[in-house]
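Okay, structure first, notes after.
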2 protein chains.
Amino acid sequence: MRIHGTDVGQRSETVRRANLSAIVRGLHEHGPMSRSELVAATGLTRSAIRGLVGELAGAGLVTEAPAVRLGTPGRPSPMVRLNPHGATVLAIEILVDSIAAAIVGLGGETLAEIRVDRPRGHLSVDSVVADLAGLTRELQASVHDPLIGIGVAVAGVVRRSDGLVSMAPNLGWVDVPLGAHLARALGTTIPIAVANDADLGVLAEHRRGAAVGVDDVLYVSGEVGVGGGAITGGVPLTGVAGYGGEIGHMPANPDGVACRCGSTGCWETEVGEGALLTLAGLPSDAGRDGVEAVLRDAEAGSPAAVAALHHVGRWLGIGLAGLVNLLNPRLVVLGAMHGRIYPFVRATIEAEIATRALPAPRAIVRIVPASLGADAPLLGAAELAFEPLLADPASRVGARDGAIHLATA
Amino acid sequence: MRIHGTDVGQRSETVRRANLSAIVRGLHEHGPMSRSELVAATGLTRSAIRGLVGELAGAGLVTEAPAVRLGTPGRPSPMVRLNPHGATVLAIEILVDSIAAAIVGLGGETLAEIRVDRPRGHLSVDSVVADLAGLTRELQASVHDPLIGIGVAVAGVVRRSDGLVSMAPNLGWVDVPLGAHLARALGTTIPIAVANDADLGVLAEHRRGAAVGVDDVLYVSGEVGVGGGAITGGVPLTGVAGYGGEIGHMPANPDGVACRCGSTGCWETEVGEGALLTLAGLPSDAGRDGVEAVLRDAEAGSPAAVAALHHVGRWLGIGLAGLVNLLNPRLVVLGAMHGRIYPFVRATIEAEIATRALPAPRAIVRIVPASLGADAPLLGAAELAFEPLLADPASRVGARDGAIHLATA
DNA sequence: AAGGTTTGTGATCCTTTCGCCTAAATCTGT
DNA sequence: ACAGATTTAGGCGAAAGGATCACAAACCTT
């Protein structure tokens with residue numbers, strides 16, 4: 001029998017691990033801090049902080065700037081900052097119309113990034129993986145820091161344990177073992193974590209964007225499909241296998257149209273890009289430019305464009321009302337297309353929520369557009385890849401100079 | 001600046017706290033264990049377990065039975081069990097047609113319980129609170145163990161921080177400070193935690209019922225209204241204020257009928273008790289007896305009853321499909337009326353889920369009826385009240401003989 | 001230049017668990 | 001029945017880690 005919980009069998013070593021984690025995570029999320037600020041933030045003593053920071057510095061994960069005079073009395077405290085070159089991750093994003101790769105340093109600094117637009121349509125897994133391997137080689141030519149993990153954002157339903165893409169309707173993928181494919185193409189044994197793009201988008205907005213400091217966040221991102229991610233109590237809502245957050249395929253309109261997923265009346269069919277474009281009289285694959293056209297037409301007074309926006313806004317409000325009732329978030333972040341159209345549909349959304357959400361959660365929630373733009377899933381992928389290090393920096397401490405590189409083959 | 005996380009500023013004392021918590025929580029959730037089993041379960045050494053268990057025994061929280069011979073070689077290990085009289089909680093349940101109170105001992109044993117049926121209808125807060133105080137006095141006459149907390153389950157939307165019942169449509173309550181009312185009526189300063197009945201139902205099913213060992217559970221409980229609760233990653237989904245889990249008021253049918261909450265087409269209006277009864281041709285307030293009548297009629301072949309069940313089953317399936325896509329649970333537990341009708345609507349539910357849920361999460365999820373019956377929220381209220389002790393037994397250790405009693409006034 | 005304030009440094013102490021040894025209790029095989 | 005194997009309890013010293021405390025250093029204010 002195994003007792004089940006977060007803190008089973010703690011020992012003194014665990015304490016050090018946890019304290020190192022608190023320091024590294026604090027610096028990663030809040031940026032550089034002085035040693036005395038670390039003392040205040042963690043509640044540890046100066047002696048303890050000194051020892052822990054010293055250990056991290058010895059491992060190359062942090063650097064200490066000599067001092068900084070800031071006009072207050074007392075001896076100035078040296079600034080501690082994470083060393084972006086002490087540990088890096090490779091972040092990869094696979095969207096319907098573009099792929100991207102970046103190398104991100106500890107602390108969140110992007111050291112190198114490449115994005116390549118691709119034509120929409122069903123893309124073979126092999127060609128995408130090959131292209132990503134090419135991008136990665138380019139990035140690796142300019143950055144030579146130790147790589148500790150790889151994070152992948154993909155617009156599909158992903159099993160976290162092994163990176164199986166169960167379904168990515170907009171890519172035409174079914175049961176693709178993406179994690180294994182990438183490992184082979186990159187010739188590496190570095191851990192690869194694959195996740196849904198919206199799940200990573202909310203992670204990025206939570207760490208670096210519009211939801212910093214907010215522990216209960218719902219993120220809705222309308223691309224070709226409609227993705228969603230949630231953070232509840234500060235913890236990403238993944239579900240048992242990582243499939244969680246698929247709000248685009250919640251039944252919304254029983255009389256609705258067929259969805260790519262095989263069901264009918266999914267929320268995505270009412271609030272997705274295709275719905276907006278079709279209702280506005282444009283081809284459903286007009287893409288981002290089409291959306292911009294709809295917005296211009298609406299400003300110019302086009303009835304079809306206004307009606308299309310109203311339709312999407314109304315269904316957005318209906319769906320959000322239910323999600324607000326279910327998840328009781330502090331903040332709803334609208335990403336991608338939904339962030340773009342938000343100024344145009346704000347009143348419609350709010351009217352529906354005022355009607356359909358319960359008074360109590362409704363009074364708490366705020367709706368804001370995303371602040372990170374198209375890079376959110378990419379940054380989230382980096383955060384995902386950093387997570388093991390943040391949770392246990394001790395695993396790297398002592399493993400000094402463990403510069404791992406991808407095979408150049 | 002305060003670093004934000006679960007494990008900030010750990011020290012040796014924290015380790016002891018965590019280890020005591022692991023032991024008490026393990027015994028509370030899994031029942032009595034021998035000392036050697038505790039060693040295996042926690043990964044701690046015998047020496048450590050001896051010291052920790054000894055401390056708990058000294059505080060009266062656990063008892064050690066001399067030994068137990070179990071047919072295996074080796075020196076037998078004494079059984080460690082929680083002492084139900086070492087710490088107790090008062091659990092209270094406020095449903096639409098009944099109120100109940102119980103005193104539950106550490107480990108989960110119910111030491112005393114009273115349930116009183118009440119006529120349905122709008123109930124004054126004062127009368128309910130007065131009746132509960134009476135029940136509590138009765139219970140306290142027979143049990144005199146130290147009381148460490150009070151948990152309250154109420155069929156409404158509850159703010160966790162202070163026990164404000166924002167809305168309980170089926171009780172006719174709006175913005176009732178129930179926690180404060182109860183504290184006054186019981187004349188106590190013991191912490192009172194109030195929560196939604198379905199949120200506590202899933203907690204109980206997770207600890208003692210159909211969802212033991214399952215960390216991603218969705219619970220749907222159809223009473224007069226439709227309540228819901230979820231556990232994700234082992235953690236109850238409360239949302240930022242505790243309002244989370246209100247699945248009964250997710251918009252389901254935009255063309256639907258008016259709901260008690262003020263919206264229209266809420267899921268509750270399609271799958272609640274009222275919907276089933278009305279469709280079957282019975283008065284909507286026929287209650288549990290009415291539901292039984294519908295089931296009897298359906299077995300006898302009544303077309304109206306069969307159609308009513310089919311309708312509820314179909315909408316149950318539609319809603320569950322969306323929730324499965326969103327939350328990716330391992331298990332869906334159907335409580336109260338939904339558990340009762342499950343055998344009759346199982347095929348209908350499964351057909352809708354097969355159509356509307358995404359293949360990946362659908363392949364994982366199982367649907368089962370609840371196993372605790374009507375007492376689930378009451379047991380959950382007890383679990384809620386025990387939570388502080390389970391999280392930090394050290395706070396009681398040393399506070400020996402801190403038998404706190406309610407004022408008898 | 002003197003005093004106050006804050007922080008770094010280092011030695012020592014306290015807490016908690018681990019490791020090891022011996023004793024005890026039980027089962028198994030002869 | 002008795003010896004050996006197995007498993008666990010009990011107790012003592014070791015190890016690890018942070019807390020405490022005293023002192024020195026660096027800065028600001030007057």
Side-chain angles (χ1 to χ4, degrees), chain A residues 1 3 7-23 32-58 62-80 392-394 397-398, chain B residues 1 3 7-23 32-58 62-80 392-394 397-398:
Chain A
M1 168 142 335
I3 290 182
D7 39 20
V8 173
Q10 300 244 338
R11 56 187 74 182
S12 14
E13 193 189 325
T14 322
V15 173
R16 193 168 191 79
R17 229 188 281 277
N19 286 338
L20 287 171
S21 172
I23 291 174
M33 303 170 80
S34 72
R35 258 155 81 162
S36 68
E37 284 175 316
L38 283 173
V39 167
T42 59
L44 297 172
T45 60
R46 292 200 297 270
S47 312
I49 290 293
R50 178 169 67 107
L52 295 166
V53 168
E55 189 166 355
L56 291 172
V62 308
T63 57
E64 288 192 275
V68 94
R69 57 179 60 176
L70 28 75
T72 59
R75 178 173 174 169
S77 194
M79 278 306 262
V80 182
D392 185 13
V397 171
Chain B
M1 168 132 351
I3 291 181
D7 41 19
V8 174
Q10 301 243 337
R11 57 185 77 181
S12 355
E13 192 188 327
T14 322
V15 173
R16 192 173 191 76
R17 229 188 281 277
N19 286 340
L20 285 171
S21 172
I23 291 174
M33 303 170 80
S34 72
R35 259 155 79 164
S36 67
E37 283 175 316
L38 283 173
V39 167
T42 59
L44 297 172
T45 60
R46 288 197 292 274
S47 310
I49 290 293
R50 178 172 68 104
L52 296 167
V53 168
E55 188 166 354
L56 292 171
V62 308
T63 57
E64 287 192 275
V68 93
R69 57 181 61 180
L70 28 77
T72 58
R75 178 172 173 170
S77 193
M79 278 307 264
V80 182
D392 185 13
V397 169

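Numbered from 1 within each chain, the chains take letters A, B, ... in sequence-line order. Nothing here was measured: the structure is a model prediction, and the numbers come from that model.
Across every non-hydrogen atom of A:V15 and B:Q10, the tightest pair is CG1-O, 3.3 Å. Scanning all heavy atoms of the two residues, the minimum distance from A:M33 to A:L38 falls at SD-CD2, 3.9 Å. For the residue pair A:G51 and A:R16, the shortest heavy atom distance occurs at O-NH2, 4.0 Å. Smallest separation of non-hydrogen atoms from A:V80 and A:E64: CG2-OE2, 4.0 Å.
Spacing between atom CZ of A:R17 and atom P of C:dT17 amounts to 16 Å, rounded to whole angstrom units. To the nearest angstrom, P of D:dG10 lies 8 Å from CD of B:E64. Whole-Å rounding puts the B:E55 CD to C:dT17 P distance at 9 Å. Taking atom CD1 of residue B:I23 and atom P of nucleotide C:dT17, one finds them 9 Å apart after rounding to whole Å. Between B:E37 atom CD and D:dA9 atom P the separation is 11 Å, expressed in whole Å.
Checked by distance alone, A:S47 brings a side-chain donor or acceptor within 3.5 Å of a matching partner on the base of D:dT20.
Mapped onto DNA chain D by nearest heavy atom, B:R46 and A:L20 fall at different nucleotides, with B:R46 at the one closer to the 5' end. Nearest-nucleotide mapping onto DNA chain D: of A:R75 and A:E13, the residue sitting toward the 5' end is A:E13.
Closest contact between the side chain of B:L44 and the listed nucleotides C:dC18, D:dG18, C:dT9 involves C:dC18. Ranking D:dA19, D:dA9, C:dT17 by closeness to the B:R11 side chain, first place goes to D:dA19.
Residue B:R50 places none of its side-chain N or O atoms closer than 4.0 Å to OP1 or OP2 of D:dA9. Of the side-chain N and O atoms in A:N19, none sit less than 4.0 angstrom from OP1 or OP2 of D:dG17. The phosphate of C:dG8 has OP1 or OP2 within less than 4.0 Å of a side-chain N or O from A:R35. Phosphate contact (OP1/OP2 of D:dT8, side-chain N/O of B:S36, threshold under 4.0 Å): present.
Among B:T42, B:L20, B:V62, the single residue meeting the side-chain contact (heavy atoms from CB on, under 4.5 Å) criterion with B:L52 is B:L20.
Across all strands, A:S34 comes closer than 4.0 Å to no nucleic acid atom at all (heavy-atom distances). A:T45 comes within 4.0 angstrom of a nucleotide base, judged by non-hydrogen atoms across all strands. Contacts of B:R16 with the nucleic acid, taken as non-hydrogen atoms under 4.0 Å apart, involve only primed sugar atoms and P, OP1 or OP2.
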